[in-house]
Amino acid sequence: MGSFVIDREGHEAAGILARTRLAVDPALRGAVQTLPPAMRRIAAYHFGWQNADGSPAAGDAGKAIRPALVLATVRALGGSAEQAVPAAAAVELVHNFTLLHDDVFDHDPTRRHRSTAWSVFGIPDAILAGDAMHALAVRILSEDVHPRAAGAAARLSECVLQLCEGQHSDCAFEHSPDVSLDECLAMAEAKTGALLGCACALGAMYAGADDEAVDAMDAFGRQVGLAFQLIDDLIGIWGDASVTGKPVGADLVARKKSLPVVAALRSATPAAQELAGIYRSERPLGSGEVHRAADAVERAGASDWAQIQACDRMADAIGHLSRAVPDGRAAGDLLALAELVTRRAH
Ligand SMILES: CC(C)=CCC/C(C)=C/CC/C(C)=C/COP(=O)(O)OP(=O)(O)O
């Protein structure tokens, strides 16, 4: 990494995320406003702007990590964050389209401290609202006059294909008795890393960066995304529901092959046998079994493994970042966002 010294002074993740919301929300609200009424209602509910009955609300709209990465990348590379707001909004719309669909796939009852859209409005309309958000993302970029907007739209579409592939693998692994750690890491990179990578790549494009810097920022975001998924999986097992806004242990109940679970199953430990036994049973898991499964993951050393993996991914990420943004002073916001990923509780 040579003389890459990061200046953390004045770079604080909570402030960066709050400023991102202020910058991007008007574009998101404006876009959602153009949806057909049925989809507009669901999107406004999903973003926490409205209650299910259409009355105004000030709910949790999500952390805004992906649009923050877009804007922080543009700034780090000397571009105009204001001009990149359409790209940030497009990435956030794609993220939220995948959440709407993912909640249907997983039959999750809650997200962001409230009932999921599908559980309130029904599965068909929740799927359509997700599709509509995807279409809005494409429309925002296709209407944007920035010289790199068309390239950004193409890159975002490639990314959506990777998200679909990752999501397919995630579902297929639930029924596969023999998933390797490498397969699971590739799934997580496609399902989660691809969009964080794309966010950074779009930021670099909007800053007018060359292909090498765009690819280096993509690689940075992907590694941050993998760290993000590793921590997400730990939070999914041991997180506090009052903080995450989602039921804890749902991945274990659904016998998901999350990264810590696969690491535990692949470990040569007695806990691996115990976990495999619990995962083999056909009946729905009771809370006792969920606790035993979580305990087995811990005893297999998979919680420590995931933490170490996340740190390794962060180290890789910083290496890629130093190639694209050699001036560590300019990289402060990006580093603060990346560090938030490994320190977060929700
Ligand atoms: C095609 C398809 C359906 C793909 C699904 C991909 C998918 C849902 C991946 C999970 C990514 C993830 C950890 C989301 C939580 O993000 P977050 O914690 O940043 O959420 P927030 O916006 O609520 O903060």
Side-chain angles (χ1 to χ4, degrees), residues 65 102 105-106 108 166-194 196 222-241 243-318 338-346:
I65 286 175
D102 191 52
F105 279 56
D106 292 346
D108 280 332
Q167 181 77 348
H168 165 77
S169 299
D170 195 14
C171 298
F173 290 174
E174 280 173 44
H175 310 287
S176 165
D178 205 24
V179 178
S180 74
L181 257 180
D182 281 349
E183 286 171 325
C184 199
L185 284 162
M187 175 274 287
E189 182 174 339
K191 179 179 85 161
T192 305
L196 276 79
R222 271 174 190 271
Q223 293 302 313
V224 173
L226 255 182
F228 185 91
Q229 188 59 58
L230 282 153
I231 301 301
D232 205 68
D233 287 350
L234 292 178
I235 292 171
I237 300 175
W238 288 287
D240 175 348
V243 179
T244 62
K246 298 186 277 196
V248 172
D251 284 358
L252 294 175
V253 173
R255 296 179 181 77
K256 283 247 174 209
K257 300 278 178 20
S258 68
L259 284 157
V261 164
V262 172
L265 289 169
R266 288 278 162 179
S267 69
T269 61
Q273 303 301 320
E274 193 182 332
L275 183 62
I278 297 171
Y279 261 54
R280 259 196 309 271
S281 91
E282 299 278 308
R283 343 169 243 101
L285 299 189
S287 68
E289 279 164 316
V290 171
H291 277 107
R292 273 210 299 126
D295 190 51
V297 174
E298 177 74 50
R299 279 185 285 114
S303 170
D304 291 343
W305 172 85
Q307 295 277 1
I308 292 166
Q309 273 285 325
C311 290
D312 288 352
R313 299 299 162 175
M314 289 300 293
D316 279 2
I318 293 169
E339 283 178 356
L340 167 84
V341 159
T342 46
R343 281 188 284 103
R344 74 202 175 95
H346 74 294

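Because the structure is predicted, anything quoted here is derived from the model rather than measured.
- Distance check, rounded to the nearest 0.5 Å: OH of Tyr279 to CD of Glu174 gives 9.0 Å.
- Here Asp295 pairs with Arg299 under the salt bridge (charged side-chain N to carboxylate O under 4.0 Å, His left out) rule; sequence neighbours left out.
- Nearest heavy atoms, Ser267 versus Ala264: OG-O, 2.6 Å.
- For the atom pair OG of Ser258 and CG of Leu252, the computed distance is 6.5 Å after rounding to the nearest 0.5 Å.
- The salt bridge (charged side-chain N to carboxylate O under 4.0 Å, His left out) search around Asp106 returns Lys256, not counting sequence neighbours.
- The shortest heavy-atom contact between Cys184 and Val262 is SG-CG2, 3.7 Å.
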Using distance only, find each side-chain donor-acceptor pair of residues 302-311 under 3.5 Å and give its atom names and separation, not counting sequence neighbours.
from   : atom 1 : to     : atom 2 : distance (Å)
Gln309 : OE1    : Arg313 : NE     : 3.2
Gln309 : OE1    : Arg313 : NH2    : 3.1

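- Applying the salt bridge (Lys or Arg N to Asp or Glu O under 4.0 Å) rule to pairs touching residues 263-273 yields Asp178-Arg266, sequence neighbours excluded.
- When all heavy atoms are compared, the tightest approach of Ala227 to Thr342 is CB-CG2, 4.2 Å.
- Taken to the nearest 0.5 Å, the CG atom of Asp108 stands 7.5 Å off from the NZ atom of Lys246.
- Note that CE of Met187 is 5.5 Å distant from CZ of Phe173, once rounded to the nearest 0.5 Å.
- The structure places CD1 of Ile235 at 11.0 Å from CG of Leu230, a figure rounded to the nearest 0.5 Å.
- Residue Ala190 comes nearest to Gly166 through the heavy atom pair CB-CA, 3.7 Å, listed as atom of the first residue, atom of the second, then distance.
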Report task. Would you check, one step at a time, whether the test side chain to side chain contact (heavy atoms under 4.5 Å, CB included) holds for Phe228 with Ile65? Result -> CA-CA 10 Å; Phe228 185 91; Ile65 286 175; 3.5 Å; yes
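- Looking at residues two or more places apart in sequence or on another chain, you find no salt bridge (charged side-chain N to carboxylate O under 4.0 Å, His left out) involving Arg255.
- Closest approach of Pro260 to Asp233, counting heavy atoms only: CD-CB, 3.3 Å.
- To the nearest 0.5 Å, atom CD of residue Glu298 and atom CG of residue Leu275 are 12.5 Å apart.
- Of all heavy-atom pairs between Ala188 and Leu259, the closest is CB-CD1, 3.8 Å.
- Taking Arg283 as the reference, Glu289 meet the salt bridge (charged side-chain N to carboxylate O under 4.0 Å, His left out) condition, with sequence neighbours excluded.
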Query raised in the report: Run the side chain to side chain contact (heavy atoms under 4.5 Å, CB included) check on Leu226 and Thr192 step by step: do they pass?
Result: CA-CA 7 Å; Leu226 255 182; Thr192 305; over 6 Å; no
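- A donor-acceptor pair is defined here as one N or O able to donate and one able to accept, closer than 3.5 Å; such a pair exists between the side chain of Lys257 and the backbone of Ser176.
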